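Nothing here was measured: the structure is a model prediction, and the numbers come from that model.
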Amino acid sequence: MPTDALTIAPVVLAVVLVVSAVGKLRSPSRSAEAFRDLRVPAPLRHRAVVEALPWGELLLAVLLVSVGGLPGVLAAAAAVLLFASYLALVVRALGFEAPVDCACFGEFAPGRITRRTVVRNAWLLVLAVLSLVLADPADGISVLGRLSTAGAWPWLLAAAAAALTTWLVTAPAPDAGAPSAAPPASGPLGDPAAATDADDDYVRTRTPSLPVVLGDGTETDLRQLSTQRAQLLLFVSEGCGSCQDVIAAAPRWRTELPAVDVRLVVTVPPGEGALTSSEEPQSLHDPRQRLRDTFGFWGTPSALLLGADGLLAGGPVTGGEAVPEFVDEIRAQLGALA
């Protein structure tokens with residue numbers, strides 16, 4: 001392949017890095033959750049690493065196109081290492097028992113990891129390798145300098161490569177985006193007759209009989225858990241930045257909603273992490289993530305309301321702003337029923 005043709009590889013790769021960095025900066029909590037779900041080694045899941053990654057991607061994007069010589073070779077080699085790591089993570093994630101949300105581009109192109117995710121990351125690794133092939137430690141000309149003297153056909157090739165990369169990155173993925181925020185039914189304590197016409201678009205399906213583990217290690221059933229009292233389930237993670245406000249607000253919500261059990265739901269076994277609680281209402285533990293898979297959401301924080309009549313009463317909703325708003329709606333409806 002002519003050298004001029006290779007010139008487009010670092011340009012397209014730089015654009016991808018910028019998009020990835022901006023997406024992560026706009027949704028840091030989603031990136032932190034993805035690190036945890038992808039089971040990145042603990043030292044690399046540190047908050048400082050998660051927050052520094054998008055800035056590193058931006059710096060790498062600039063270096064790929066603006067420097068030549070040995071610095072250019074080092075930048076291209078760093079890109080190969082970075083995208084090889086990304087590819088290894090998604091390939092490994094395909095073997096996990098529960099599906100994993102990639103969030104590789106932050107709030108852009110969310111969705112579960114599939115074989116197409118592997119194809120996308122493999123293509124990005126190819127671009128990184130081509131960038132390394134192009135780099136010449138004895139040539140101080142940058143990629144931008146090469147493009148300024150290139151003919152027209154490399155630009156046509158660049159447009160085709162950019163179009164392919166854009167499709168691989170942004171095409172809708174399975175379960176992309178958060179589910180629509182369904183409001184709580186008018187009878188959140190389990191009174192179907194209390195529902196009004198405004199709730200007709202929310203179908204109150206039966207609470208599934210799924211096994212969950214309480215904070216004290218006792219195994220129970222989700223439907224059985226909600227037979228006596230309504231349950232407000234708050235799906236959170238210690239490594240999720242936007243979850244911290246929800247975690248901090250949970251004790252207050254328990255006081256404000258005395259007729260509802262407000263429980264934190266985590267994906268680690270009891271005893272792991274600081275969110276385990278054996279005091280009523282105990283924390284819920286779902287290591288195999290059956291609840292998220294069943295209800296069709298993967299982001300945190302999320303919330304779900306189960307009625308004491310064995311039917312879903314509201315949600316799920318996802319997001320640091322959506323969850324408190326959801327709780328406000330529950331509080332208002334409980335006040336109206338009082």
Quiz item: Does Thr114 use its side chain to pair, donor to acceptor, with the backbone of Arg116 at less than 3.5 Å?
Solution: yes
Quiz item: Is there a path of hydrophobic side-chain contacts, each under 4.5 Å between heavy atoms of I, L, V, M, F, W or Y residues, that connects Leu130 with Leu63?
Solution: no
Quiz item: Under the side chain to side chain contact (heavy atoms under 4.5 Å, CB included) criterion, do Val212 and Glu219 qualify, and how do the steps go?
Solution: CA-CA 6 Å; Val212 290; Glu219 184 170 316; over 6 Å; no
Quiz item: Do Val12 and Leu124 have side-chain heavy atoms sitting under 4.5 Å apart?
Solution: no
Quiz item: Nearest heavy-atom pair of Ala250 and Leu264: which atoms, and what distance?
Solution: CB-CD2, 4.1 Å
Self-check item: Val213 and Asp286, any side-chain heavy atoms less than 4.5 Å apart
Solution: no
Quiz item: Are any non-hydrogen side-chain atoms of Val327 and Leu257 less than 4.5 angstrom apart?
Solution: yes
Quiz item: Are the side chain of Ser226 and the backbone N or O of Leu306 linked by a donor-acceptor pair below 3.5 Å?
Solution: no
Practice problem: Treating Ile, Leu, Val, Met, Phe, Trp and Tyr as nodes and any side-chain heavy-atom pair under 4.5 angstrom as an edge, say whether Leu60 and Leu81 lie in one connected cluster. | Solution: no
Exercise. Check whether any side-chain heavy atom of Leu87 sits under 4.5 Å from a side-chain heavy atom of Arg120, and report yes or no.
Key: no
Self-check item: Backbone of Leu225 reached by a side-chain donor or acceptor of Gln231 within 3.5 Å
Solution: yes
Quiz item: If we only count heavy atoms from C-beta on, is the Leu53 to Val49 side-chain gap below 4.5 Å?
Solution: no
Practice problem: Give a yes or no answer on whether the side chain of His285 reaches the backbone of Val266 with a donor-acceptor pair at less than 3.5 Å. | Solution: no
Quiz item: If we ignore angles and hydrogens, is there a donor and acceptor under 3.5 Å between the side chains of Ser209 and Asp221?
Solution: yes
Quiz item: Got a second to check how far Arg288's CZ is from Leu210's CG, nearest 0.5 Å?
Solution: 11.5 Å
Quiz item: Would a hydrophobic clustering, with Ile, Leu, Val, Met, Phe, Trp and Tyr connected at side-chain separations under 4.5 Å, put Val91 with Leu89?
Solution: yes
Self-check item: Under the side chain to side chain contact (heavy atoms under 4.5 Å, CB included) test, residues paired with Thr218 that sit two or more places apart
Solution: Leu214, Asp216
Exercise. Locate the shortest heavy-atom distance separating Gly319 from Pro324; write the atom from each residue and the value.
Key: O-CD, 4.4 Å
Exercise. Any chance you could lay out the side chain to side chain contact (heavy atoms under 4.5 Å, CB included) test for Leu233 and Leu222, step after step, and finish with the verdict?
Key: CA-CA 11 Å; Leu233 307 184; Leu222 190 65; 3.9 Å; yes
Self-check item: Hydrophobic cluster membership, Val65 vs Leu59, 4.5 Å side-chain cutoff
Solution: no
Exercise. Check the pair Val236 / Val265 against side chain to side chain contact (heavy atoms under 4.5 Å, CB included), numbers first and verdict last.
Key: CA-CA 6 Å; Val236 295; Val265 184; over 6 Å; no
Practice problem: Among residues two or more places apart or on two chains, list those pairs meeting ring-ring contact (aromatic ring centres under 6.0 Å, His included) that have a residue in residues 224-268. | Solution: Phe235-Phe297
Self-check item: Student check: side-chain heavy atoms of Leu311 and Thr205 closer than 4.5 Å
Solution: no
Quiz prompt | Spacing of CG belonging to Leu13 relative to CZ belonging to Phe83, to within rounding of 0.5 Å | solution = 4.5 Å
Exercise. Can you run down the salt bridge (charged side-chain N to carboxylate O under 4.0 Å, His left out) pairs that involve residues 223-237, sequence neighbours left out, and say none if there aren't any?
Key: Arg229-Asp261
Quiz prompt | Spacing of Asp309 atom CG and Arg206 atom CZ [to the nearest 0.5 Å] | solution = 11.0 Å
Quiz item: Leu132 versus Val73: any side-chain heavy-atom pair under 4.5 Å?
Solution: yes
Quiz item: To the nearest 0.5 Å, what is the distance between OG1 (Thr300) and CG (Leu234)?
Solution: 11.5 Å
Self-check item: Pair Arg263 + Glu280: basic N to acidic O under 4.0 Å
Solution: yes
Quiz prompt | Leu127 CG to Leu125 CG distance, which is reported to the nearest 0.5 Å | solution = 9.0 Å
Practice problem: Would you indicate whether the side-chain heavy atoms of Phe295 and Leu312 approach each other to under 4.5 Å? | Solution: yes
Exercise. Check step by step if side chain to side chain contact (heavy atoms under 4.5 Å, CB included) holds for Leu17 and Leu82.
Key: CA-CA 11 Å; Leu17 284 168; Leu82 179 66; 4.0 Å; yes
Quiz item: Rounded to the nearest 0.5 Å, what separation is found between the OG1 atom of Thr207 and the CD atom of Gln224?
Solution: 12.5 Å
